[in-house]
Undergrad: 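One structure is given below, represented as structure tokens, and several questions about it will come after.
Whatever order the structure lists ligands and atoms in, that order sets their numbers, starting from 1.
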Amino acid sequence: MTARFALFGHPVAHSLSPRIHAAFARQTGVAMDYHLIDATPDDFSAALADFAHAGGVGGNVTVPHKAAAFALCAATSTRAQRAGAVNTLVRRDDGWFGDNTDGIGLVRDLTTRHRHDLRERRTLLLGAGGAAAGIAPALLDAGIGELTIVNRNRARADALAAMLAQPQRVRSRDWRDLETLGHFDLIINATSAARCDAPLDLPMSIASRHTLAVDLGYAQAAVNFLAFARAAHCQHTVDGLGMLVEQAAAAFELWHRLRPQTEPVYAMLRRELPLRATD
Ligand code: ATR
């Protein structure tokens, strides 16, 4: 029987992940079935259990289930523990093993594909939800300089900063303080503002020509923030498409012990999307 994999999310219908994994499978000669499972937060636990009973051997988890998936795993990687969230599941005898490939996916996209050196970059992380928590540890590991976390709800920014446990490098600030913080070398939009159709209120002073502006979303979801970045004269902007492909490749490698080539898959999807990264 073909090995069964699935992506759990809500909503999930427009995900590119099935196409990405189908392309990786073709490339590497792996037989796999990867389908979408749309489960509400109330249904997620049962949907995951049903999938395991039906022979599911691996999966991906996206919004809004990453923290719930972490809680449901029998064992988790250090990366997942540092993020408090799981985006990749592997079935083992004792239950699900959970990992998180979002952070490494982002770092690989920025450093390998777009050839940015992240070391010592004064970094601003916008947002303190699941997406922010998923990438912050990997950014610190990649050698960024001081990390400032800003969130509308300050308590969540404080909590994420505390979880990262590097008080010399990581600080949290109020959103309304943004105007006083000067400009950053790297700004990452990890908010769900685009998903919620709510504009981000950002002062131009946070960015300069040399700022690398990154949105974790792609296509329409990245339009507003990257338009802000260009208006603030940032020469380098990157959307989340490359991260999506790289986190998928890291998951694929975990499942099949084979590293797929990401560039052809990225190029195929990039051709179809209106927004270009400028690097
Ligand atoms: P995700 O898993 O995508 O991170 P989440 O955990 O619900 O989703 O977190 C959403 C993040 O986007 C939060 O940091 C949220 O800020 P609050 O904690 O203050 O709600 C942030 N966010 C959403 N809409 C926003 C907006 N219009 N402006 C600023 N931040 C926004």
Undergrad: Do we get Arg154 above Trp175's six-membered ring, with its NZ or CZ under 6.0 Å from the centre and within 45° of the axis?
TA: no
Undergrad: Just jot down the side-chain hydrogen bond (donor to acceptor under 3.5 Å, both in side chains) partners of Ser192, sequence neighbours excluded, or say none.
TA: none
Undergrad: Give the residues near ligand 1 by chain and number, with the criterion being a heavy-atom distance under 4.0 Å.
TA: Gly127, Ala128, Gly129, Gly130, Ala131, Asn151, Arg152, Asn153, Arg156, Trp175, Thr191, Ser192, Ala193, Arg195, Ala198, Pro199, Leu200
Undergrad: With a 4.5 Å limit on heavy-atom distance, are the side chains of Val214 and Thr237 in contact?
TA: no
Undergrad: Should Val61 and Thr88 count as side-chain neighbours, where that means a heavy-atom distance under 4.5 Å?
TA: no
Undergrad: Just grab all the salt bridge (Lys or Arg N to Asp or Glu O under 4.0 Å) pairs involving residues 5-17, residues at least two apart or on different chains.
TA: none
Undergrad: Sorted by first residue and then second, give each salt bridge (Lys or Arg N to Asp or Glu O under 4.0 Å) pair with at least one member in residues 64-89; sequence neighbours left out.
TA: Lys66-Asp102, Arg79-Asp99, Arg82-Asp141
